[in-house]
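Presented below is the structure to which this report refers.
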Amino acid sequence: MPNPDRRLPTGSADLDRILGGGIPRGSTIVIAGPPGSGKTLLAQQVAFVNATDAAPALYYTSWSEPHTKLIRNLSAFDFFDEQAIGKRIDFLHLPALIDSATENGFEEVARELFRASVQRQPVMVVIDSSKSLHGMVPEDRLRRFFYELASRVGQTNAALVMVGEYTPFEIESEPEFAVADGIIQLANEPRGVTDRRSLRVVKMRGSDNLSGSHAFNIDRRGIQAYPRAETLVPLQVEHQTGRAGLGDAGLDQLTGGGLPRGDATLLFGPAGIGKTILSLGFVAEGLKEGDQGLYVSLQETPAELISKASAMGWDWVPAALKQGQLDFLSIRPVDLDLDQVGVALRDVLVAKRPKRVVVDSIAELDVGGRAPDRYLSYLWAIVNLVRGHGATGLFTQETVTFGAPTSMQLMSYLFQNVLTMRFVEHQYHVLRAIGTLKMRESRHETDLLEFDIGPGGLTSGQKLTNVSGVLGWTALRKEE
Amino acid sequence: MARILIVDDEPDLRGIVRLILELAGHEVVEAHHGAAALQRLAEQRVDLLITDVMMPVMSGSELIDRLRADPEHAKLPILVLSASPHAVDRADHVMRKPFEPTHLRRVAANLLGANAEP
């Protein structure tokens with residue numbers, strides 16, 4: 001395990017997690033990425049978070065930006081502390097150092113940076129941009145410079161951070177990457193009409209860092225990272241016993257006593273069939289039993305859900321929300337970042353330990369997330385994130401047919417149980433019915449159960465025993 | 001006309017200060033850090049020193065300490081021009097970056113004394 005004392009926090013707990021504990025001191029780290037990807041901001045954020053009077057940050061800049069402009073831009077962020085300038089953080093102009101080094105040789109720059117590292121005992125030394133050094137001296141001297149710089153600063157307790165607009169090709173070829181202990185690659189790529197910021201730890205010696213591409217965004221707090229949801233899943237799922245009732249005796253009987261605790265259940269059904277009411281009822285029933293609840297909605301606002309609960313007569317739902325027994329997580333189904341959703345979900349799961357969780361619906365994650373290649377692995381992560389935190393999960397999915405779903409998109413293996421809701425045509429009337437398609441290792445009934453929706457929520461009626469086409473996609477016709 | 005030494009590691013900043021002061025009729029010489037400034041001062045007399053604080057090799061604070069300890073330059077008027085909000089002891093005046101050109105001209109004139117104003 002990395003020693004936390006040897007690591008510099010970045011100001012984003014999740015970024016620290018991605019890096020395997022933060023930026024290692026005494027190491028050389030390169031932050032690479034195209035213009036506007038957030039490289040300088042990340043380096044400055046780490047500097048402001050870690051610099052102290054006793055261990056300042058020395059920030060060497062190139063020609064890219066005057067210090068006054070740089071500081072003015074920084075003032076928009078919460079981590080910025082004006083009092084730190086000139087005390088905890090020195091912004092120094094790198095060309096001044098190079099000008100003085102031309103007489104004594106370029107290696108003098110490495111010696112001066114080392115001298116400052118020994119004399120000032122900084123927590124970090126930043127060169128922004130290290131790429132600007134290219135072209136100033138022949139490549140063989142530059143290679144020696146980076147080697148001397150890395151090896152000398154590596155003798156101190158400071159982290160040497162080099163920032164530059166390096167392309168992926170340059171990461172493979174430029175000499176600074178040969179001496180780097182860590183490489184953080186930032187990207188800002190268009191996805192349809194939106195942009196997605198992401199980072200990848202190409203290399204981090206001696207660290208248990210998280211692999212792959214992780215989302216981040218920039219807000220008042222600076223850079224905030226969102227680890228790939230697949231990396232958030234607890235390694236073990238706690239085995240649970242017992243059932244989580246659905247709030248209706250008929251439904252509980254259909255499912256063998258309610259949903260098995262600790263399971264994930266997929267609830268299929270067409271628009272307007274009552275998936276949200278059943279799901280809300282599942283959470284409401286839990287609240288009555290003392291279960292903590294979480295309702296993640298990509299369709300309705302908390303106010304709309306409260307209104308629905310009130311219409312059903314579940315007066316204890318708004319009270320539970322007020323008292324903190326229930327949380328609503330409302331997610332806009334457009335412009336969503338799957339990993340931000342994953343982190344938001346994890347934060348509530350960790351903080352509140354809900355026993356019943358609804359995600360309504362997963363279809364918006366597919367459409368809004370715009371990552372079809374990844375969707376199933378992401379869904380696996382979300383499902384097991386919920387289960388891994390000890391919750392019983394109910395996940396809704398809209399079907400495009402009024403009857404049985406035409407396709408389960410190979411999703412059913414992700415869920416222990418699958419319930420299907422559907423419309424049934426009968427003598428010029430349309431009935432609602434629910435059935436169980438699958439309940440893993442659990443006794444359950446296989447009939448379709450008629451139900452109605454009204455005050456009190458979903459009320460089950462009789463079993464539809466004289467029907468055909470139960471597994472088909474057409475509307476069912478009840479035999480006379 | 002006075003000779004003014006500008007010490008700053010940012011060449012753009014030196015260029016701006018040079019322009020402002022040359023338009024006011026002064027002669028301007030430059031150094032890019034404290035050590036280079038000491039070298040300049042050994043070569044030629046200056047009437048006013050304008051210095052940044054955060055610089056590589058030798059900071060503005062160390063430069064001022066050395067000048068104040070040197071009998072030849074102990075009374076040299078010194079204006080600190082820095083992005084840091086922290087005042088520097090033993091400077092005659094401290095100005096924050098960014099600054100107003102007219103304010104810089106006025107402060108420089110005051111430090112040089114009324115006779116030095118062209």
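Numbered from 1 within each chain, the chains take letters A, B, ... in sequence-line order.
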Exercise for the section: Would you mind telling me which of A/Leu113, A/Ile71, A/Leu58, A/Ile85 has the largest number of heavy-atom pairs within less than 4.5 Å of chain B? Expected result: A/Ile85
Problem - Modelled atom types, side-chain donor and acceptor of A/Thr156 and A/Arg25, under 3.5 Å - result: no
Exercise for the section: Could you check whether the rings of B/His103 and B/His93 sit parallel, tilted or perpendicular, using 30° and 60° as the cut-offs? Expected result: perpendicular
Problem - A/Lys203/A/Asp181 salt bridge by N-O under 4.0 Å criterion - result: no
Problem - Structural part of B/Ala36 lying under 4.5 Å from a heavy atom of chain A - result: neither
Practice task
Answer yes if the side chains of A/Thr40 and A/Asp128 hold a donor-acceptor pair under 3.5 Å, and no otherwise.
Solution key: yes
Completion exercise
The interface call for A/Glu112 against chain B, heavy-atom contacts under 4.5 Å, is side chain
